[in-house]
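Excluded from the calculations below are hydrogen atoms, water molecules and symmetry mates; all remaining heavy atoms, backbone and side chain alike, are included. Atoms within a ligand are numbered from 1 in the order they appear, just like the ligands themselves.
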Amino acid sequence: IERGELILEYQPQWEMPEQRLIGVEALVRWEHPERGRINPIEFIPVAEESGLIHAIGDHVLRTACRQQVAWQAAGLQPVTIAVNISALQFRRQGFLERVSRIIDETGADPTGLDLELTESALMQPGPEIEAQLASLRGMGFGLALDDFGTGYSSLTYLKRLPVALLKIDQSFVRDVLSDPNDAAIVHTIIGLSRSLGLDVIAEGVETEEQRISLGEAGCDLYQGY
Ligand code: MN
């Protein structure tokens with residue numbers, strides 16, 4: 001962090017059928033001076049084990065907030081920036097205060113930011129978790145449930161928590177055209193989202209055929225791998 005080796009890349013999120021850019025997901029990469037680019041799948045688990053995830057999480061959120069302000073200053077069309085929040089960050093005492101401080105410090109607009117939480121962040125949602133989510137919503141943040149379908153997929157969260165967007169995990173999207181089980185799961189998640197009035201976005205869409213198939217199934221939002 002001190003050496004500025006953690007950088008963010010912004011993966012576009014699109015709306016079908018017009019292919020309108022609706023947002024970007026901020027994805028962290030480590031530009032290591034000797035080892036080259038290191039993917040988060042390698043270093044985030046280590047950061048979670050060592051506790052550095054909190055400093056990295058703050059850095060990522062702060063960088064995304066500054067980017068939002070910079071894009072706005074440059075006169076670009078505003079798009080939502082989605083930021084991944086680790087379950088450890090979300091469940092740590094003082095998370096709300098850390099987020100508030102970063103918003104104040106950067107002057108970012110929370111209504112243009114989505115926080116992506118995994119199901120493990122919301123496991124056994126008690127009053128504190130619900131209150132925290134309500135506070136984040138109250139500040140203006142959008143809340144998304146990341147990697148949906150890979151964890152416990154508790155329907156209780158969807159009913160009770162102020163999550164507005166489900167993200168279909170890429171593991172189901174990859175073979176959606178060839179594996180009937182994946183197709184069934186994708187269709188079910190889309191149907192569930194629609195019935196509950198939630199938005200749904202497919203992750204890991206890499207081919208036009210996948211995009212069309214998802215559109216036909218009723219999923220209008222997508223992003224790549
Ligand atoms: Mn994500």
To make sure I understand the geometry: which N, O or S atom in [X] is closest to the Mn ion (ligand 1)?
X: Glu116; result: OE1
X: Glu25; result: OE2
X: Asp146; result: OD2

Sequence-distant partners of Pro45, side chain to side chain contact (heavy atoms under 4.5 Å, CB included), two or more places apart: none
Salt-bridge contact Asp147-Lys167 (side-chain N to carboxylate O under 4.0 Å): no
SB check Glu5 Arg37 (cutoff 4.0 Å): no
Leu145 reachable from Leu27 in the ILVMFWY side-chain graph, under 4.5 Å edges: no
